[in-house]
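Take a look at the structure below.
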There are 2 protein chains.
Amino acid sequence: MPYDPSAFPPFAVTVDLVVLTVRRHALCALAVRRGEAPFQGRWALPGGFVRGDEDLAAAAARELAEETGLHAHDPTGPAVPNAAHLEQLATYGDPKRDPRMRVVSVAHLALAPDLPAPRPGGDAHSVRWAPVEDLLEQDTGHGREGEQAAPLAFDHARILADGVERARSKIEYSSLATAFCPPEFTVGELRRVYEAVWGVALDPRNFHRKVTGTPGFLVPTGGTTTRQGGRPAQLFRAGGATLLNPPMLRPEA
Amino acid sequence: MPYDPSAFPPFAVTVDLVVLTVRRHALCALAVRRGEAPFQGRWALPGGFVRGDEDLAAAAARELAEETGLHAHDPTGPAVPNAAHLEQLATYGDPKRDPRMRVVSVAHLALAPDLPAPRPGGDAHSVRWAPVEDLLEQDTGHGREGEQAAPLAFDHARILADGVERARSKIEYSSLATAFCPPEFTVGELRRVYEAVWGVALDPRNFHRKVTGTPGFLVPTGGTTTRQGGRPAQLFRAGGATLLNPPMLRPEA
DNA sequence: CCTGTTTATCGTCAAGCAGACGACTATGAT
DNA sequence: ATCATAGTCGTCTGCTTGACGATAAACAGG
């Protein structure tokens, strides 16, 4: 193929973000309301154009910071308090996905601990955390009354679904579930993360045995807390291990 | 963020292909020799520009067909004899990855059975199957004498490494290893695929128990073959199951 | 024909892990 | 004091795996 970089169709390249967190026992995603056409007034995933001299990961980290104030967790940089996990998800390039022109979007997945408030970014448009269940339950007819039923703009429902599926499978074999937790957390809080992301109930005793028995997954900090009620629970930090072997098993039912 | 699609930096979007197969007990990738600058004369992954009205997956399938004659396996279409598995791998967009201009490449991963000959496509440039070990062993000083030691063009070594890692992990929990096999194959041939991709030796008896005991993985065709020498082996086709649960375990050593 | 070699296939056994679930502990609420 | 809640430790059973012995069915060479 004659490789002539000056003769190519014009593309716009954007990053879109699937930012997930666990709030009140539910897996939630960040959604922004669109101010302009197309899809004006509809909810969409946060995102924006990649700048001319910017790496894809840098663009995603910039958008994440603009929308949430969160910093991407960078293994080479210093540890920051409000660090979120950020990784590339997939790229969406259907010629008709944006009615205005050819836009290729490199979607990224971010996992963040529950934040005090979904702080709007520098722009004044409205931003909210919405349960992914609500954002994805469209045109199925069994939505709860009063719920907003308008589907997400563009192909963002598909992107969100892919991101959620990535998160669901990735916490099986990695320690990424800790990215949903504050710096110090209890075994029970971690279990509730798994339960919210997978949408299942887990046995507290087997879960405790599993996570405390996996070397490098959790390191005790020595402290305890009673913020969940009941008997005080040990506090842990995320250990250095990133891969869980053997993995956490998701109940099949 | 004011979303103005008419004001965006110009990008070129390409697809690059990591096409893997197993030849003579080694995991091999398709490489093409570059005819023009930059990196003239160096080996690179096959790829090309995405056309203006073309989906990313369609562009990848087109490039695959041009380079190898293979058709992408499409679940919705009819079964074709020489069908390869094709999936999106990741997107690479470092501003300096192509010295000429800003190029974002959506890499795809293809898994193909061993082909009779690495048929050059419509273009006359040279194409070959090369062991990934040779393509990736650069500047480490311990390459075998006489081996081509020039690293792959652009960031293709990184893309190839990512593709190989994807393939290595994906055959753990999916039935994708059958994509490396002809339509009918024996348990031993499938085992040699795992051994080549993982670079380990597997116990034939435990492997046989595992794959024949996983429902939906393999279906016997009734025939037998002695093409591997020794006692005749049963022939199988790939079953409908795509996910292996529990997964194949890769020896840790 | 007999024997060794190669590959396939079946079986056995012990260790490890997961699911089910009983029991006990330490807090706050009534 | 009693109850409710959540955390933590154990036990038992069944399944899966890894190690490995044994047998089967082909071919090659004497």
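If you're wondering where the values come from, they're calculated on a predicted model, not measured in any experiment. All chains are named by letter (A, B, ...) in the order of the sequence lines, taking the proteins before the strands, and each is independently numbered beginning at 1. Because only heavy atoms are used, hydrogens play no part in the values below, and waters and symmetry mates are left out as well, while side chains stay in.
At D:dT17, one or more side-chain N or O atoms of B:K210 fall inside 4.0 Å of OP1 or OP2 (strictly under the cut-off). For the pair B:H208 and C:dA8, the criterion of a side-chain N or O lying under 4.0 Å from OP1 or OP2 is not met. Dashed line: the shortest gap from a side-chain N or O of A:R191 to OP1 or OP2 of D:dA6 is not under 4.0 Å.
Inter-residue side-chain proximity for B:H108 and B:D16 is flagged as unmet; no heavy-atom pair is nearer than 4.5 Å.
Comparing atom distances between the B:R209 side chain and each of C:dA8, D:dA19, C:dA20 picks out D:dA19 as nearest. For B:T186, taking side-chain heavy atoms from C-beta onward, the closest of the listed nucleotides D:dG18, C:dA8, D:dG7 is C:dA8. Relative to the side chain of B:R192, the nucleotides D:dG7, C:dA8, C:dT27 differ in distance, and C:dA8 lies closest. Ranking D:dG18, C:dG19, D:dT16 by closeness to the B:P246 side chain, first place goes to D:dT16.
Distance, B:N206 CG to D:dG21 C1': 12 Å, rounded to whole Å. The CZ-P distance, from B:R231 to D:dA26, rounds to 9 Å in whole Å. Distance CG (B:D203) to C1' (D:dT16): 15 Å, rounded to an integer number of Å. Atom CG of A:L249 is separated from atom P of C:dA20 by 12 Å (rounded to the nearest Å). When the C1' atom of C:dA26 is taken as reference, atom CD of A:Q234 falls 13 Å away, rounded to whole Å. For B:L244 and D:dT17, the CG to P distance is 10 Å, given to the nearest whole Å. In this structure, A:L202 places its CG atom 15 Å from P of D:dA6, rounding to the nearest Å. Look at OH on B:Y194: it is 13 Å from P on D:dG18, rounded to the nearest Å.
Map A:E189 and B:T226 each onto its nearest nucleotide of DNA chain D; the residue landing nearer the 5' end is A:E189. Remark on DNA chain D: of its neighbouring residues A:V187 and B:G230, the 5'-side contact belongs to A:V187, judged by nearest-heavy-atom nucleotide.
Side-chain atoms of B:R205 and base atoms of D:dG21 include a donor and an acceptor less than 3.5 Å apart.
In summary, the side chains of B:Y92 and B:D162 do present a donor paired with an acceptor at a separation below 3.5 Å, with no hydrogens or angles considered.
Annotation: A:F236 is not in aromatic contact with A:F185 [ring centroid separation under 6.0 Å not met].
Around the CZ atom of A:R158, the shell of radius 6.0 Å holds no more than 12 heavy atoms that belong to other residues, nucleotides or ligands. For A:R227, the CZ atom counts as densely surrounded, since its 6.0 Å shell holds more than 12 non-hydrogen atoms of other residues, nucleotides or ligands.
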